[in-house]
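Numbered from 1 within each chain, the chains take letters A, B, ... in sequence-line order.
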Protein chains: 2
Amino acid sequence: MQAPVHKRDANAARARILNAAQRAFATTGYSHTGIRAIAAEAGTSSTLLLRYYGSKAGLFEAALRDAMAVDNLVAMPPEEMAQTLARTLREEDNSARPMLMMAMASGEPEAAQIAARVFTERSITPMADYLGGADGQVRALELAMLAIGYVFFTKHLPLPGLAAAQTEALDAWFTRAVLDVVRPG
Amino acid sequence: MQAPVHKRDANAARARILNAAQRAFATTGYSHTGIRAIAAEAGTSSTLLLRYYGSKAGLFEAALRDAMAVDNLVAMPPEEMAQTLARTLREEDNSARPMLMMAMASGEPEAAQIAARVFTERSITPMADYLGGADGQVRALELAMLAIGYVFFTKHLPLPGLAAAQTEALDAWFTRAVLDVVRPG
DNA sequence: TTTATAAGTTATCAACTGATAACATCCGCC
DNA sequence: GGCGGATGTTATCAGTTGATAACTTATAAA
């Protein structure tokens, strides 16, 4: 047999696969990302990937669930939370990754259903609890709409002719809109 | 040969194909919509479809370009325009169709590039001209972000546990946000 | 009436996809 | 020390996809 590149370590392999999947799904989309490509990037084979995660959809769910977390956000005071949410979504690609995965996968019926469920569990619900009140869930959804819209047109779709000055203005508008939702009135 | 269902009429066939494509792309997505399925729904064959539109991507571009138009909107006074934009996006499925097609197709590199180009030409630019001023384009993009976000979570992704009362509250917020962009200050 | 061409069909290809079966090998436990 | 399960690999399948070639038939102009 061909000498294995990595030492035998199932946990490490699982982690490598999960990481490769997150990157791939967020950049190439769902149906255009083959399990062979993910496995290759993780330095293993598609068969092993399937053994660990059951199916491509299972891997997608695991990858999305792992990437999506608002724990650090809901530990901050409201104003700081809003600022941080807007800033991380603007600057760090990793923060926008779950949103990108959702947007990318929303075209595939199977993946879209998974995305909706995971997003509700891991983002909407905790954020609604954090915002509190009778309209907590509605406001969490408003944040989700803003976030998807912003990520969609800044990171996801390569809009031709989007100048830097416009990006700055959009950033300012987005931050203001998030603040208005978090701290209404 | 089998008796043709329709009389020979190239224009009619083209139109049937375009219509079927718009419906299919907006509901099933891009990669999950086969040209065979579109052709069948149009009562013809995939070969004819390809002869008329060159390729699947070509058909997608034609369908999107045909569906996407803001002519009626930019003929209204601002306040009415905002109200109409929000209302049609809320109520009529046909109005949200271009947005759905964009959201669905954004996961496929090829289709996403087409969508970005067509959307810029047919929506962003005319809307920017309509809004006018130095920040016209930025405000047009803000509207686009709001629209995509709203459509995404109300029509596109089937979020489990989204009650009617919440939908109403979201509609109100969305309408208000659109108005704030169109008529700032 | 003849004929060129547009309109439409059937058959088929080559590539890729997710998934499965069968096989090889390393490592911990008794 | 050897045995069994976990870890990993290769080969292969069956289905689907977009696209093309080759073939028919209706229609409109000369």
Side-chain angles (χ1 to χ4, degrees), chain A residues 1-21 24-25 28-64 104-105 107-114, chain B residues 1-21 24-25 28-64 104-105 107-114:
Chain A
M1 185 184 16
Q2 186 177 349
V5 179
H6 302 277
K7 285 200 61 173
R8 291 213 167 186
D9 187 339
N11 285 355
R14 287 178 95 107
R16 282 202 313 274
I17 292 173
L18 203 68
N19 209 277
F25 283 138
T28 325
Y30 185 76
S31 66
H32 266 72
T33 302
I35 56 175
R36 284 169 179 78
I38 297 177
E41 181 122 344
T44 176
S45 64
S46 67
T47 314
L48 199 63
L49 182 156
L50 286 176
R51 182 137 79 210
Y52 285 152
Y53 294 98
S55 65
K56 185 186 181 182
L59 172 62
F60 177 73
E61 171 156 2
L64 188 61
M104 291 266 187
E108 336 275 335
E110 190 184 25
Q113 198 175 341
I114 293 171
Chain B
M1 186 184 9
Q2 186 177 349
V5 179
H6 303 277
K7 283 200 63 171
R8 289 211 169 188
D9 187 339
N11 284 356
R14 287 178 96 107
R16 282 203 313 273
I17 292 172
L18 203 70
N19 207 275
F25 283 139
T28 326
Y30 184 76
S31 66
H32 266 72
T33 303
I35 55 174
R36 286 170 178 78
I38 298 176
E41 182 123 345
T44 175
S45 64
S46 67
T47 314
L48 198 63
L49 183 156
L50 286 177
R51 189 183 296 166
Y52 285 152
Y53 293 99
S55 65
K56 184 186 181 181
L59 172 62
F60 176 72
E61 170 156 4
L64 187 61
M104 290 266 187
E108 335 275 334
E110 189 183 27
Q113 197 175 342
I114 293 171

- [ ] Measure from CD on A:E110 to P on C:dT17 and round the result to the nearest Å.
- [x] 16 Å

- [ ] Return no unless some side-chain N or O of B:T44 is found under 4.0 Å from OP1 or OP2 of C:dG8.
- [x] no

- [ ] Rounded to the nearest angstrom, tell me the gap between atom OH in A:Y30 and atom P in C:dC16.
- [x] 20 Å

Open item on the list: Using a 3.5 Å distance criterion without hydrogens, assess whether the side chain of B:K56 forms a donor-acceptor pair with backbone atoms of B:L50.
Closed with: no

- [ ] Working to the nearest 0.5 Å, report the span between CD1 of B:I35 and CZ of B:F60.
- [x] 15.0 Å

Task: Rounded distance [0.5 Å steps], CD1 in B:I114 versus CG in B:L59 - done: 10.0 Å

- [ ] Nearest whole angstrom, please: distance from the P of C:dA7 to the CG of B:N11.
- [x] 8 Å

- [ ] Take atom CG of A:L50 and atom C1' of C:dT20, then tell me their distance rounded to the nearest Å.
- [x] 9 Å

- [ ] Classify the side chain of B:S45 and the base of C:dT10 as holding, or not holding, a donor-acceptor pair under 3.5 Å.
- [x] no

Open item on the list: On DNA chain C, does the nearest nucleotide to A:T33 precede the nearest nucleotide to B:Y52 from the 5' side, or the other way round? Give the residue.
Closed with: B:Y52

Open item on the list: Return whichever of A:S46 or B:T47 has its heavy-atom-nearest nucleotide of DNA chain C closer to the 5' end.
Closed with: B:T47

Task: Within-4.5 Å side-chain heavy-atom neighbours: A:L64 and A:F25 - done: no

- [ ] Go through residues 55-64 of chain B and report each residue with a non-hydrogen atom lying under 4.0 Å from DNA chain C, sorted by number.
- [x] none

Task: Rounded distance in Å - CD1 (B:I35) to C1' (C:dC13) - done: 14 Å

Open item on the list: Let me confirm one number: the CD-OH distance from B:E108 to A:Y30, rounded to the nearest 0.5 Å.
Closed with: 12.5 Å

- [ ] Starting at atom CZ of B:R51, determine the distance to atom C1' of D:dC23, rounded to an integer number of angstrom.
- [x] 11 Å

Task: Separation of atom CD in A:E108 from atom P in C:dG18, rounded to whole Å - done: 11 Å

Task: Of A:R36 and A:L48, the one whose closest DNA chain D nucleotide lies more 5' - done: A:L48

TODO: Mind checking the CD1-CG spacing from A:I17 to A:L49? Nearest 0.5 Å is all I need.
DONE: 4.5 Å

- [ ] Give the rounded distance in Å between these two atoms: CG of B:L49 and P of C:dA7.
- [x] 15 Å

TODO: Apply side-chain contact (heavy atoms from CB on, under 4.5 Å) to the pair B:Y53 and B:L18, showing each step before the final yes or no.
DONE: CA-CA 9 Å; B:Y53 293 99; B:L18 203 70; 3.6 Å; yes

